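Some notes on the structure that comes next.
Everything quoted here is computed from the prediction, not taken from an experiment.
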Amino acid sequence: MRQKELRLALICYGGVSLAIYMHGITKEIWKLAQASRDFHDGTKIEQCSRGIYYDILQWMEQETSVKLRILPDIIAGASAGGINGIFLSEAVISGQSLEPLTEMWLEKADVDQLLDPDARPLSRFSKFWAEPIAWMALGRKGGAVEQTVSKEAREEVKMKLSRFVRARWFAPPFGGKVFSTLIHDALKAMTNTEAGPKLLPQGQPLDLYVTVTDFVGHPEKLQLNSPPEALEMEHRITIGFSTRGKTGNNVADPAELVFAGRATASFPGAFPPFTVAELDSVLEEKNYVWTGRKAFLKRVLPSQSRAGTAEDTILIDGPVLANAPFAQAIEALKNRPAKREIDRRFVYIDPRPDLDVAKSDKAMRRLQAAQEDENDSLPGFFSTIFGAISNIPREQPIRDNLDDISRRSNRIIQMRLITDSLRSEVEQNVEGIFGRTLFLDRPTAARLASWRRKSRDKAGKMAGFSYSAYGHLKLATVVDDIAQTVRRAKSDLNAHNHQLLRDTIWTEVRQRGLENIGKKGGAGPSKPAIEFFREQDLGYRIRRLRFLARRLAEDLDECDPADFPAIEKMHDVIYDCLALYIERETIEYLGDDFLDLAEQAEQKPGAMLDGLARARDLTAADVTVDQKLAEALAVLPKKEKRSMLLAFLGFPFYDIATLPLLQGEGLDEFDPIKVDRISPEDARSIRKGGVAATLKGIEFNNFGAFFSRSYRENDYLWGRLHGAERMIDIMLSTLPEARQPDAEQTLGFKKTIFRKIVDEEEKRLTKIGPLIASLRKEIERAIPD
């Protein structure tokens with residue numbers, strides 16, 4: 001059985017009232033993760049789509065010999081997507097239900113609920129005299145409401161629009177405290193639901209990122225040649241949460257999650273800007289004590305905290321500067337544990353890709369018109385200003401990030417091609433060094449340690465003068481890792497301000513005799529280099545074990561089924577050893593003594609380096625790893641044992657060839673990354689037409705669902721259906737192409753899950769009876785593409 005993990009890095013865009021549609025999608029991702037946990041626990045729970053996902057996973061195991069596990073372990077969001085990401089993260093870690101968020105979106109995400117108390121009709125601030133004008137405008141035959149709102153929702157929309165237009169002059173109509181209270185209450189209701197098992201395995205971290213915009217901005221230092229320093233105003237803020245090294249059943253304190261959710265969704269003009277004072281007021285009314293308040297503000301607003309302005313920092317909508325937080329998710333790829341083969345997907349939810357198409361068409365028409373008219377003038381003052389603040393930042397939000405992912409994937413592919421082409425030559429060299437009788441010996445821990453040292457030294461000598469370049473790159477990689485470790489220990493996220501730290505570490509390294517990394521004449525590493533790498537080179541050890549894991553996965557495809565138990569033991573040992581090293585990358589493992597040394601790293605780099613070596617104690621870890629590997633190798637069949645020993649002892653040769661290609665980065669998940677989108681344009685099995693044919697919340701510049709319960713029900717249901725369709729597509733795409741089901745069978749899976757979703761939601765969604773009746777017919781009429 002081939003075990004595989006489908007790991008999801010989920011990117012949730014902003015979208016105002018399209019939050020309800022996106023919630024339907026994230027709910028399906030949650031149900032799929034539940035089904036995956038059920039499947040690996042061997043307990044099927046017949047809950048709507050959850051049970052159908054279980055059946056698909058079972059079919060994959062029985063028909064294709066692929067046992068798949070689905071893990072949403074990286075979640076990044078902005079605005080409405082940020083709120084959905086926060087709740088999904090909590091559900092994944094706590095095992096509790098997402099139903100309270102469904103109720104919040106359906107029941108509370110309404111203009112009558114969201115309006116600030118001072119902006120509601122009959123308040124002394126409301127524009128009472130505007131009512132007749134509002135009714136005239138809204139009730140006019142052929143007017144905007146009649147043209148854009150479905151007949152069954154017109155009266156509801158007219159009534160709520162009339163209250164909305166009578167809100168305060170020159171002030172956001174929606175209430176900040178109202179919104180903070182809704183998020184708080186939904187999180188509290190979530191904690192009161194029955195907790196199931198966590199949806200991530202033990203030791204698998206979840207990283208959550210939410211983007212926010214600092215309205216005023218805060219100064220950041222730039223290091224230049226002349227002058228040495230300059231200041232620049234920075235407005236981007238990412239609020240990050242991680243379960244790395246933590247115990248417990250929550251992503252963070254609920255107050256911190258409310259802070260992040262309310263701040264990221266401070267849509268300019270609709271909601272007032274957010275400050276921590278607003279949250280303090282809500283928590284006081286709820287009698288909630290936020291014990292980690294000071295530490296949290298120091299972490300997420302470090303510059304403001306140092307300046308004493310964190311309490312007054314004004315935060316607005318995250319999508320003002322970062323609507324598609326891919327970069328944060330890419331950063332989270334580093335140092336992730338792996339227990340089996342990984343299929344890493346970046347999945348982004350874009351509820352309105354039609355806008356990008358429309359903008360593209362409009363831009364092309366403008367370009368064509370400009371080419372035809374030689375006298376076409378440059379954009380005017382106001383068009384330039386409004387374009388800069390509203391259109392341009394969103395027209396190309398993810399291209400650079402996708403290019404980064406593509407370059408990373410290409411490097412992985414190139415590395416695999418190089419290692420495959422070198423395999424024959426490397427194995428000949430290993431056999432020449434150790435002799436063919438090596439593979440008849442019973443490996444012991446002592447022998448493995450001796451063999452790997454001999455192989456390392458021989459690879460260095462055979463590399464000749466090229467070893468010096470490899471060695472210096474390896475050294476630079478280790479130094480950078482140490483600097484990053486110190487930075488994380490100091491909780492200082494401004495990596496670009498740490499040239500002084502790197503300079504002091506390099507000075508210390510050179511004083512320890514590493515000016516020349518290799519021996520004279522190109523005869524391999526020098527003695528100081530060997531000692532330094534023995535104490536500090538964690539990355540090399542991790543790369544070696546990941547290489548073994550990939551080679552074992554290749555061997556598994558060709559081995560005798562009778563040998564599966566021994567190979568499975570080898571598989572488990574490799575990943576147990578990986579976990580032993582990866583654990584040493586975390587700050588939590590290093591302990592309080594190292595934290596103190598990290599604070600003084602610029603003044604005492606030598607003490608910091610020695611303290612890091614003591615805390616990690618890599619030589620002791622090597623002894624344990626050698627022992628575990630020797631025991632597993634001893635019971636492997638001859639063919640697989642030979643393959644593993646050749647890979648283990650040949651790794652120094654491969655590393656010398658591939659590390660320059662990887663630029664010292666290392667590969668935590670050793671397969672190329674794929675990117676998938678979920679949107680109405682990508683889910684067409686039930687109804688063609690995309691956004692316009694399915695979503696109601698797109699009206700009123702994406703505020704439409706806030707004006708009608710029937711609109712919210714419509715978008716939520718389509719979100720679930722589209723989410724289910726795309727998750728089935730993504731699941732099945734993890735299979736080798738030859739083993740994937742045909743279009744008819746795939747549609748059969750989808751129809752089954754569509755029926756279940758409609759049946760489950762019919763009782764709750766009482767305002768969209770005609771849609772549900774239509775969907776039943778459309779599902780049955782669906783045909784394979």
Side-chain angles (χ1 to χ4, degrees), residues 14 76-83 85-87 89-90 104 114 116-118 171-172 174-188 190-191 208-220 233-242 250-322 325 328 491-494:
S79 195
I83 294 175
I86 287 168
F87 277 84
S89 299
E90 271 290 278
M104 186 193 90
L114 295 172
D116 190 280
D118 289 339
F174 294 150
K177 280 187 64 177
V178 172
F179 200 15
S180 291
T181 300
L182 291 182
I183 298 171
H184 174 275
D185 290 349
L187 281 170
K188 185 174 182 181
M190 189 175 178
T191 61
L208 166 66
Y209 299 96
V210 177
T211 63
V212 177
T213 303
D214 181 352
F215 181 75
V216 176
H218 53 277
E220 290 286 355
M233 294 302 290
E234 177 62 80
H235 294 266
R236 295 168 298 177
I237 293 176
T238 298
I239 301 176
F241 304 95
S242 179
N250 297 98
V251 174
D253 188 303
E256 298 174 8
L257 299 179
V258 175
F259 182 109
R262 168 67 179 92
T264 190
S266 299
F267 191 91
F271 292 96
F274 173 76
T275 66
V276 71
E278 177 190 298
L279 180 56
D280 289 338
S281 178
V282 171
L283 297 178
E284 184 178 2
E285 292 175 4
K286 300 290 183 179
N287 295 317
Y288 185 86
V289 179
W290 184 8
T291 55
R293 181 181 183 277
K294 184 177 180 180
F296 175 76
L297 293 179
K298 183 179 179 181
R299 180 173 72 83
V300 302
L301 301 172
S303 299
Q304 297 88 334
S305 295
R306 287 193 293 270
T309 61
E311 304 277 345
D312 305 313
T313 300
I314 298 171
L315 302 176
I316 62 173
D317 205 36
V320 171
L321 293 176
Q328 293 84 346
S491 297
D492 188 348
L493 303 181
N494 299 319

- Message: If you apply the rule side-chain contact (heavy atoms from CB on, under 4.5 Å), what do you find for Phe179 with Ile83, and how did you get there?
- Response: CA-CA 11 Å; Phe179 200 15; Ile83 294 175; 3.5 Å; yes

Do the non-hydrogen side-chain atoms of [X] and [Y] ever get within less than 4.5 Å of each other?
X	Y	result
Leu182	Leu114	yes
Val282	Tyr288	no
Gln304	Asp214	yes

For [X], all residues meeting salt bridge (Lys or Arg N to Asp or Glu O under 4.0 Å), sequence neighbours excluded:
X	answer
Asp253	none
Lys294	none
Asp280	Arg293
Lys188	none

- Non-neighbouring partners of Phe274 that pass ring pair (Phe, Tyr, Trp, His ring centres under 6.0 Å), sequence neighbours left out: Phe259

- Message: Between His184 and Leu283, does the side-chain contact (heavy atoms from CB on, under 4.5 Å) criterion hold? Intermediate values first, please.
- Response: CA-CA 9 Å; His184 174 275; Leu283 297 178; 4.1 Å; yes

- Please answer whether the main-chain N or O of Leu297 pairs with a side-chain N or O of Ser305 as donor and acceptor at a distance below 3.5 Å. yes

List the atom pairs, with distances to 0.1 Å, where a side-chain N or O of residues 265-273 and a protein N or O form a donor-acceptor pair under 3.5 Å, not counting sequence neighbours.
| residue | atom | partner | partner atom | Å |
| --- | --- | --- | --- | --- |
| Ser266 | OG | Arg262 | O | 3.0 |
| Ser266 | OG | Arg262 | NH1 | 2.7 |
| Ser266 | OG | Ala263 | O | 3.3 |

- Message: Pair Thr313, Val216 - check side-chain contact (heavy atoms from CB on, under 4.5 Å), show working.
- Response: CA-CA 8 Å; Thr313 300; Val216 176; over 6 Å; no

